[in-house]
Amino acid sequence: YYLPYKPPSFWKRRLSYSDALLQKDAKTTAVRHSTHPETLPTYIEAMPSMSDQVFWILEADINAGRFDDLRVLIREMVDGTQRDEPGALAYEWLITDDNRSLHLYERYTDSDAVMVHRENFAQKYAERFRTYLTVTKMTMYGNPSEAVRAAFAHADYIRLHDGFSR
């Protein structure tokens with residue numbers, strides 16, 4: 001496997017450019033090529049710090065006669081979240097075989113991204129969401145900001161004690 005030689009200044013520019021694309025508190029790692037480890041990073045990975053991520057599982061019952069309406073809303077919410085919220089890392093709706101209940105898994109880069117989602121949800125989807133679903137439980141994980149905790153006061157909070165994610 002051959003990679004052309006690039007001077008160290010090339011990689012510094014690349015790293016700076018990558019860094020500029022990241023949100024605050026991003027962590028950047030360079031893994032170097034084994035034959036020229038002192039001069040040639042071949043892979044640059046940039047990712048938000050895991051400690052900043054906030055995620056939750058919302059459990060809800062689907063109100064009688066509302067499943068078809070909910071399916072339309074879900075499609076709108078998935079498309080809108082994917083298009084308008086770059087801080088949304090995961091947004092997955094999981095529905096039981098009998099279409100009577102669901103779990104919604106959401107993961108965000110940080111508390112700021114959660115608040116962006118909350119604002120979009122309130123403006124575009126909240127009224128229909130509450131018409132079609134009855135929320136039974138919400139469990140939030142991570143280290144959310146005080147603003148997120150206040151906005152989601154009804155949630156149960158569980159903080160990370162130990163572990164890793166790949």
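All residue numbers in this chain count up from 1 along the given sequence. None of the values given here were measured: they were computed from a predicted structure.
- Residues that satisfy the ring pair (Phe, Tyr, Trp, His ring centres under 6.0 Å) test with Phe129, not counting sequence neighbours, are Phe121.
- For the pair Tyr91/Arg107, no side-chain contact is recorded, criterion being any heavy-atom separation below 4.5 Å from C-beta on.
- To the nearest 0.5 Å, atoms CG (Leu104) and CG (Leu94) are separated by 8.0 Å.
- Every residue was checked against the salt bridge (charged side-chain N to carboxylate O under 4.0 Å, His left out) condition with Asp61, not counting sequence neighbours, and none meets it.
- Judged as a side-chain contact (heavy atoms from CB on, under 4.5 Å), and not counting sequence neighbours, the contacts of Ser145 are Ser111, Ala147, Val148.
- The stretch residues 78-100 participates, sequence neighbours left out, in these salt bridge (charged side-chain N to carboxylate O under 4.0 Å, His left out) pairs: Arg75-Asp79, Asp84-Lys124.
- Judged as a side-chain hydrogen bond (donor to acceptor under 3.5 Å, both in side chains), the pairs with a partner in residues 134-143 (not counting sequence neighbours) are, in order, Asn63-Thr134.
- Identified under the salt bridge (charged side-chain N to carboxylate O under 4.0 Å, His left out) test for residues 141-163, with sequence neighbours left out: none.
- Qualifying side chain to side chain donor-acceptor pair (under 3.5 Å) partners for Arg128, counting only residues two or more places apart in sequence or in other chains: Glu76.
- Each of Asp68, Leu70, Val72 was checked for a side-chain contact (heavy atoms from CB on, under 4.5 Å) with Tyr132, and the lone residue meeting it is Leu70.
- Linking Ile, Leu, Val, Met, Phe, Trp and Tyr residues whenever their side-chain heavy atoms come within less than 4.5 Å leaves Val114 and Tyr105 in two separate clusters.
- Among residues at least two apart or in separate chains, ring pair (Phe, Tyr, Trp, His ring centres under 6.0 Å) pairs with a member in residues 143-162 are Trp56-Phe152.
- Criterion: ILVMFWY side-chain heavy atoms under 4.5 Å apart, direct or through other members. Under it, Phe55 and Tyr108 are not part of a common hydrophobic cluster.
- Here Ala153 pairs with nothing under the side-chain contact (heavy atoms from CB on, under 4.5 Å) rule; sequence neighbours left out.
- Hydrophobic clustering (side-chain heavy atoms under 4.5 Å, transitive across Ile, Leu, Val, Met, Phe, Trp, Tyr) keeps Ile57 apart from Trp93.
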